Amino acid sequence: MAPKNKFTRQDTLRGSLLPERTWWDVTMYRLEMTPNLQKFSITGKNTILFRIVKTPRNRMQIDLQEPMLIDSARLNNIPVTFSQEGNAWFINLPQQKMPRSLPQNQLPGKDPLQQLEIWYQGVPKPALRAPWDGGIVWSKDKKGNPWIGTACQGLGASVWWPCKDHQSDEPDSVSVAVTVPDTLMNISNGRLRNVTSNGNQTKTYTWFVSQPINTYNVTMNIGKYVHFSDTLQGEKGTLDLDYYVLEYNLEKAQKQFQQVKPMLHAFEYWFGPYPFYEDGYKLVETSYLGMEHQSAVAYGNQYMNGYRGTDLSGTGRGKNWDFIIIHESGHEWFGNNISTKDVADMWVHEGFTNYSETLYITYLYGTEAGNEYVQGIRKNISNDKPVIGPYDVNKEGSGDMYYKASNLIHMIRQITDNDSLFRQLLRDMNQRYYHSTVTSAEIEAFLSARTGYNLKKTFDQYLRTTQVPSLEYYTTELNGALMLHYRWAQCIEGFNMPIKLPGGPGKYGLLLASTNWQQLRTSFTTMDELTKALDKNFYVTYKQVQQ
Ligand SMILES: [Zn+2]
C-alpha cells in the first residue's frame, strides 16, 4: 500500500469526510443548467436541500473543480460569503440565521430542510478519452449535429456541477433541467417531467430521479436523438424501457437492444428485482464506450457484440452478446443500488458487475459456459497492486478490481457449493443494502456470515495483497489408495480458504486447507489423473512438490 504522505491536501479534501462535510446530509439536488455549445461552457444553478445531522460548523464544503467558478450563493435566501481552496469551496454560514446546535428533543435528521442555492459557471474540463479520462464529452455525430455527454466516475461530478462530491452521501432525489437548442434533446436520469419551449429557439428538458443516486451517475446527453420504448414484465411488475439513439442508428438499435429483456430477466433471477422501477430503465447512445449512469445507461458499443467486437475472455464465450449492455446494466445492482462509501472499495462495484457477465452467460448458456468465461478473463489480471486502494483520498485500487475480484466471487460461489444458496445470497445482499452505501468490510462480513466460513484471510489475500496463493501437493500410497497431501503456500499467515479437491473421478469435496499439510484419500490410480482433476474454478496455482 502506498504511503499516505504522497497525497496532497486536495486529495484529502476530495476524498475525506472532514467536519465541513459531515454535519449536513444532502436530501436533494435541483440542477438547472445551460451549456453553451460553441464556447464549451456551462452556466447553471444548483439548489441543494439538506438536513442538519450534527451541530453545524461555521462552514460547509462544496466541491466544484477548477476552472469552474461559483458566482454567488444564498443560504435559506440569505446571501453568503465563501472562499476557494482549489477544487473545494467553503461556504460561510451566517451566524445569526443558523441553529448553533440541534434544538433539544429534536432528533438529528428531523429538523426542517435547509436550502443552499449556488450560481456557477465556467468551462468544465473536457474529457479527451472518455470514459477513462473524465469530464464533458463535446463531440458531433456523423451528420455534424452536436453530441454531448458526461463521464466523470472517479474524477467526480464536481467537474461540472457543485455538490458534496463524496460517495457516502447520496441525495434521495435529483432534478436535472438542461436548456438546449430546440433542434436537439437532452436525456438525463430518471423520468422526463416536462419539456418547455423558451421562445428563443431553446427548450428546457427537466428530468427527475426519485431514488438515491451517486453524484457521478447524474448525466446529461444532448444530441439529435430519436426515442423508442418497450416494457418488461419483471419481478416487481411493469418496468418501462426507454431508448434514445441517434436518428440514423434507429434500425440497428431496435435489433441490438433486443438483448435487454433477456439480460434483465437473467439479472433479476440472480440479484432480485431491478432496483429502480420508479425511475425506469434507459439506454442512451453516447459517443464514448459506456458508463453505468443510473436509469440512463450510456451505450456506445456501436451495436456490436463483445467488447467493441472483441471477447475479453478469449474463450469465445464473450463474443455473442453486447458487453456494454450487459456490463453497464449489471451496475444497476452493484454500484448504483449498492454503492461504496469510498472509491478505494470499488471492487464491490466492478467485481460483482464483472461477475454479472459470468452469471448472465450461466443463465443463458449453462454453468460450463460461465465457468469458461470467468476462467478466461484471468489473463487480464495484472497483480500490480492491491485491489483495495488507499482510503480517504479518492483513489481507486488496481484495475484487478474487475477480473480478479470477479474470480474471488466465483470462488465464493464454489465455497457455497450450492447455486440456489449462492443466488439467495446475492438477492439478499441487494435487499440488505438496498439503495445504500457500504464499505468493503461490511460486504466481507456479510459474505462470511452467509457462506458459513470465516473468509477474512481469503479477502485479505485477494483484495489486500498481489500474491496468488499456491496449493502445494504430492501423493503417497496407502493400502493401494492414492493419498493426496496438500497445503497452502505463497500466502499470508493463517490463509485458510476452503478449496474443492478431487477425491476421485467426478467426486469433489470442499476441504478446509491451511498452511499445514493435510491429506485426503482418493480413488485415483495415477498422479496424472489426479492433476487433471484439480478444480480450475479456483484462482490459485497448483504446484506439485517433492514429499
Ligand atoms: Zn464497470
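Quantities reported herein were computed from a predicted structural model and do not represent experimental measurements. Atoms within each ligand, like the ligands themselves, are counted from 1 in listed order.
Within the coordination shell of the Zn ion (ligand 1), defined by N, O or S atoms under 2.8 Å, Glu292 is absent. Not a single N/O/S atom of His349, whether from backbone or side chain, sits less than 2.8 Å from the Zn ion (ligand 1).
Residues passing the ring-ring contact (aromatic ring centres under 6.0 Å, His included) test with Tyr248, sequence neighbours excluded: none.
The aromatic rings of Tyr462 and Tyr539 sit tilted relative to each other, their planes meeting at an angle between 30° and 60°.
Between the NE2 atom of His331 and the OE2 atom of Glu350, the angle centred on the Zn ion (ligand 1) amounts to 90° when rounded to 10°.
Sorting the N, O or S atoms of His327 by how far they are from the Zn ion (ligand 1) puts NE2 first.
Side-chain atoms of Arg427 come within 3.5 Å of backbone N or O of Tyr269 as a donor-acceptor pair. Between the side chain of Trp160 and the backbone N or O of Gly156, no donor-acceptor pair lies under 3.5 Å.
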